[in-house]
2 protein chains.
Amino acid sequence: MSQQRHGSTPGSGSGNVPAFPDLPEATIARLPEYLRALHNLGEGGSDTISSEGLAAAAGVNSAKLRKDLSHLGSYGTRGVGYDVALLIEQIEYVLGLDQRRAVCLVGVGNLGHALAGYDGFASRGFKIVALLDADEAKVGEVIHGLAVRHIDELAQVAVEESIAIGVIATPAGAAQAVADELVAAGVTSILNFAPCVLSVPANVDVRKVDLAIELQILSFHEHRKATLTALPGGRSATGAGNQEAVGS
Amino acid sequence: MSQQRHGSTPGSGSGNVPAFPDLPEATIARLPEYLRALHNLGEGGSDTISSEGLAAAAGVNSAKLRKDLSHLGSYGTRGVGYDVALLIEQIEYVLGLDQRRAVCLVGVGNLGHALAGYDGFASRGFKIVALLDADEAKVGEVIHGLAVRHIDELAQVAVEESIAIGVIATPAGAAQAVADELVAAGVTSILNFAPCVLSVPANVDVRKVDLAIELQILSFHEHRKATLTALPGGRSATGAGNQEAVGS
DNA sequence: AGGCGCTTGTGAAGGCGTGCACAAATCGCG
DNA sequence: CGCGATTTGTGCACGCCTTCACAAGCGCCT
C-alpha cells in the first residue's frame, strides 16, 4: 500500500523550473559518486575529463556514466569531454546541494557519537545542527562543539533550523517512535541506522543503512568462495562481480 | 561447516554440500533482512510465520519473499507458513553465519572507534578480533576491551585469527594502501567506509558504504519534493518510492 | 472421507537497468 | 578548408528482477 508510481511529470510546457525528467533511481544513486570523483579530479588540476576517465575514477562503466549524465542534459563536448567545474555545478544542482542542508541527529550513543563528528557530512553539503537524545544523562554533553538536547525539543529545533533531514542512530526499539516524532516535526527524509523497518507516510523518504547486513552479505560470499575452492574444479578466483557498491 | 543439518539436504545425491544454486544478488542482499525479522518474531514467541507476515516485518513484497526463499529450497508448509526456527537455521547456513566470522578493523578514528564498539556486529555473527591503525599515537590504546595494534602487524594477526573479512575505516587517502595490505594478508572480503573506489583482485569482494552519499541521495529527493510542491498541481505528497533500503 | 479455506511455490509478463556499437559532433592540424 | 582523431549521446538488444495470478498442496472441520 501507499507506494505509488510516479504520475509522470506532465509534458512540461508550464515554463517553470524544468524540475527533473524523472531520473532513474539507479542514476541518482550514482550521481554522488560521480560528484566525489569530480571533486578529486578538480583538485588535481584537471579542467576537463572524458567519460572514460571519470568512469574509471568512479568505478563504473563509461557507457553507463554517459547515459547517466545524458539524463540530466548534455553538458559534455564531443571530442573533448566534460568540463569538470560545470559538471560539478550541474550535479550539485540536481542533488539539491547548492544549498547547505540542515540535519538533525537523534541518538548519541556509540554510533551517533561518531556520526556527529564525521567530517564527510560537513565537507559534502550537510551541517548537523542538532543532536538529540532521550537519555537525560546525555543531555547537555557537548560533542564536537554541539550540545546534546533532549528529544522533546525536537519540534522546536526543527522549525528553528528548518530541518528537513533526520538521522536515526538509536537502538532498534526506539527507532519507530523517533521516526514518528521526526515526521511530526516536519522532517521528510530519514536516514535510518537502526536495524528495523520504519513505517512512515508516503511523502517521507527513508534510506536504511545496516552495517551488520553489509557484513552478512560479505559473509555469504566468503561462504560461497570457501565451498567453491573445496569443490573438484578447484579454479577459485575470478568471482563473479566483486566491487558491489551500496545504494538501492 | 556446521554440525547437524535439520531435515536432510534436498539435493542429496553426490552426498556433499550442494553449494548453492547461484542465488540472485538481489536475493542475497535481502536474506539478512529476513533473518533479522525472523529473530524478532522468534523472540516474540511466534512458531510459524506466513510469507505475508514475514514480508511485512521485513518491509518487502510477499511474492518477492516467497521467491527469494524458494531459491534456497522449500522450507515452508502450504496452508501454514514457514517454521521460524528452521528458516533461521537455513538462512544462517546459507549466509555462512553458522560459524562466527573473525573481522579486523583498520582505522580507529572517529568512525572506526564507533564501529569497534558496535553491538550489532557481535550479536549477528561477527567478532572483531583486531583493531589496527597506522598512527603510533593510537597503538596500544584499548577500545572496548581490545588493544589497537600497528598496521604492520596485520599479516601476522590475519593468520593467527584466520581473518577473511576486513573493514576499512581510514581516510580516503589511506584506503587503497590498506586494501592492498589486507589482500596481501589473505583477506578476501572488504567492507569499505572510505569515500573512494578500491582496486582489488577479482577474487576479493568489496562492499562500500558511504554515509555522505546516502544523505546526498536524500537531498535529491528533498530537492525534488520541494520543486514539486512549488508546481501548479500542488498535490505534493505521495512521492514515488519511499522506503529505499540500501544494498546493491 | 471429503470438502473447504488458507498458503506456498512458480509460470509468465512486464519493467528496469546495463552494455554494446555506432552515428553525430567537435577540435586540431595540415 | 577539409580531414582525421577523438569523444559524446543514444538506439537497441539482452538479462535480471519484480509482480501478478494461479495451480498445487496442506490442515482442519464436519
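Here is how names work: the chains are called A, B, and so on, in the same order as the sequence lines, proteins then strands, and each is numbered from 1. Because only heavy atoms are used, hydrogens play no part in the values below, and waters and symmetry mates are left out as well, while side chains stay in.
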Calculate the interatomic distance between [X] atom [atom1] and [N] atom [atom2]; express it in whole Å.
X       : N      : atom1 : atom2 : answer
A/Asp83 : C/dT26 : CG    : C1'   : 15 Å
A/Asp68 : D/dT10 : CG    : C1'   : 13 Å
B/Arg66 : D/dA23 : CZ    : P     : 15 Å
B/Tyr82 : D/dG25 : OH    : C1'   : 13 Å
A/Asp22 : C/dC16 : CG    : C1'   : 13 Å
A/Leu23 : C/dG17 : CG    : C1'   : 14 Å
B/Leu65 : C/dT8  : CG    : C1'   : 11 Å
B/Tyr75 : D/dC26 : OH    : C1'   : 19 Å

Under a 3.5 Å cutoff, is there a donor and acceptor pairing between the side chains of [X] and [Y]?
X        : Y        : value
A/His39  : A/Arg36  : no
A/Ser199 : A/Gln176 : no
A/Thr27  : A/Asp68  : yes

Next on the checklist: Please compare A/Asn61 and A/Arg78 by the position of their nearest nucleotide in DNA chain C and report the one closer to 5'.
Outcome noted: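 Whichever sits nearer the 5' end wins; that is A/Asn61.
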Checklist entry - What residues in residues 50-57 of chain A put a non-hydrogen atom under 4.0 Å from any atom of DNA chain C? => result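 Listed by number, there are none.
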Next on the checklist: Take a 6.0 Å sphere around CD of B/Glu52 and say whether it holds more than 12 heavy atoms from other residues, nucleotides or ligands.
Outcome noted: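 Incorrect, the count does not exceed 12.
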Checklist entry - Does the side chain to side chain contact (heavy atoms under 4.5 Å, CB included) test come out yes or no for B/Thr188 and B/Asp205, once each step is laid out? => result CA-CA 6 Å; B/Thr188 48; B/Asp205 286 284; over 6 Å; no
Checklist entry - Step by step, would you call A/Val187 with A/Ile163 a side chain to side chain contact (heavy atoms under 4.5 Å, CB included)? => result CA-CA 6 Å; A/Val187 166; A/Ile163 297 176; 4.2 Å; yes
Item to check | Nucleotide nearest B/Lys64 (side chain, heavy atoms from C-beta), chosen from D/dT18, D/dG27, C/dG19 | outcome: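 That would be D/dT18.
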Checklist entry - Any idea which of C/dC27, D/dC17, D/dA21 is nearest the B/Glu25 side chain? => result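 Within the option list, the nearest is D/dC17.
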Item to check | Closest-nucleotide ordering on DNA chain D, the 5'-leading residue of A/Gly81 and A/Lys67 | outcome: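 By nearest-heavy-atom nucleotide position, the 5'-most residue is A/Gly81.
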Item to check | Heavy-atom side-chain proximity of B/Thr170 to B/Val106 below 4.5 angstrom | outcome: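 A side-chain contact exists here, since the closest heavy-atom pair is under 4.5 Å.
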Checklist entry - Is there a side-chain polar atom (N or O) of A/Ser74 under 4.0 Å from OP1 or OP2 of D/dG9? => result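 Checking A/Ser74 against D/dG9: at least one side-chain N or O falls below 4.0 Å of OP1 or OP2.
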Checklist entry - Given the rule in the side chain to side chain contact (heavy atoms under 4.5 Å, CB included) test, do A/Tyr75 and A/Leu69 qualify, once you have shown the distances and angles that lead to the verdict? => result CA-CA 8 Å; A/Tyr75 293 98; A/Leu69 294 186; over 6 Å; no
Checklist entry - Quick one: bend of the helix from C/dA1-D/dT30 to C/dG30-D/dC1 from 5 pairs per end, to 10°? => result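 The end-segment axes of the helix from C/dA1-D/dT30 to C/dG30-D/dC1 are tilted 0° relative to each other.
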Item to check | Stepwise side chain to side chain contact (heavy atoms under 4.5 Å, CB included) test for A/Phe220 and B/Leu31 | outcome: CA-CA 10 Å; A/Phe220 167 82; B/Leu31 288 181; 5.7 Å; no
